[in-house]
Amino acid sequence: MLFVGIDVAKSKHDCCIIDSDGVIITDSLRISNTKEGFDTLYTTITSALGSNDFSNVKIGLESTGHYSTNITNYLYSKGFVLPY
């Protein structure tokens with residue numbers, strides 16, 4: 001299981017990924033609020049997971065109005081299930 005935390009902001013997002021054993025995969029992944037940044041996050045997650053089976057990925061992010069809309073829609077389009 002991977003846990004992904006995303007701190008959403010206007011122009012960049014700070015991400016942390018840990019596994020269910022508490023091993024830190026990345027604790028300071030900063031991505032831009034662009035498709036290229038989202039692609040970086042996606043690649044990092046799939047590399048750490050070793051597959052595209054997203055049933056073992058839990059993503060949490062703050063709902064910050066329109067700043068979280070693009071990344072949320074991107075993650076949905078890739079097959080992730082988000083809590084809202």
Side-chain angles (χ1 to χ4, degrees):
M1 179 74 66
L2 287 181
F3 300 95
V4 181
I6 305 171
D7 180 26
V8 176
K10 180 180 180 180
S11 59
K12 52 94 182 159
H13 307 312
D14 292 313
C15 309
C16 176
I17 303 172
I18 62 171
D19 70 11
S20 54
D21 295 323
V23 175
I24 298 171
I25 308 300
T26 179
D27 66 346
S28 60
L29 176 64
R30 179 169 284 172
I31 61 169
S32 60
N33 190 8
T34 63
K35 183 183 179 307
E36 292 77 18
F38 305 158
D39 288 340
T40 298
L41 176 60
Y42 177 79
T43 301
T44 304
I45 293 170
T46 55
S47 294
L49 193 57
S51 73
N52 288 346
D53 178 13
F54 301 131
S55 63
N56 288 322
V57 178
K58 300 292 182 193
I59 299 175
L61 66 147
E62 57 188 333
S63 178
T64 56
H66 65 281
Y67 294 132
S68 60
T69 301
N70 288 339
I71 193 166
T72 300
N73 289 339
Y74 176 89
L75 293 170
Y76 276 132
S77 76
K78 292 294 189 179
F80 291 99
V81 177
L82 293 128
Y84 56 89

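Computed from a prediction, not measured in an experiment: that's the story for all the values here.
The cluster map of Ile, Leu, Val, Met, Phe, Trp and Tyr, joined by side-chain heavy atoms under 4.5 Å apart, puts L29 and F3 in different clusters. At a threshold of 4.5 Å between side-chain heavy atoms, the hydrophobic network of Ile, Leu, Val, Met, Phe, Trp and Tyr places F80 and Y76 in one connected group.
For the side chain to side chain contact (heavy atoms under 4.5 Å, CB included) test with I17, the passing option among I24, V23, V4 is V4; the others fail.
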Is there a side-chain contact (heavy atoms from CB on, under 4.5 Å) between Y42 and L75 once you walk through the steps? CA-CA 8 Å; Y42 177 79; L75 293 170; 5.8 Å; no

Audit row: L41, Y74, side-chain contact (heavy atoms from CB on, under 4.5 Å) steps and yes/no: CA-CA 11 Å; L41 176 60; Y74 176 89; over 6 Å; no

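For the salt bridge (Lys or Arg N to Asp or Glu O under 4.0 Å) condition, the pairs that include at least one residue of residues 39-61, sequence neighbours left out, are K35-D39.
Here the straight-line distance linking atom CG of N56 with atom CD1 of I45 works out to 13.0 Å at 0.5 Å rounding. For the atom pair CG of L82 and CD1 of I71, the computed distance is 9.0 Å after rounding to the nearest 0.5 Å. One distance of note links OG of S20 with CG of L2; it measures 8.0 Å at 0.5 Å rounding.
The aromatic rings of F38 and H13 sit parallel, their planes meeting at an angle under 30°, below the 60° perpendicular limit.
The minimum heavy-atom distance between I25 and A48, with the atom names listed, is CG2-CB, 3.6 Å. The two atoms that bring S68 and G65 nearest to each other are OG-O, 3.3 Å, heavy atoms only. Heavy atoms only, all atoms of each residue included: V57 and M1 are closest at N-SD, 4.0 Å.
At least one side-chain heavy atom of I31 sits less than 4.5 Å from a side-chain heavy atom of C15.
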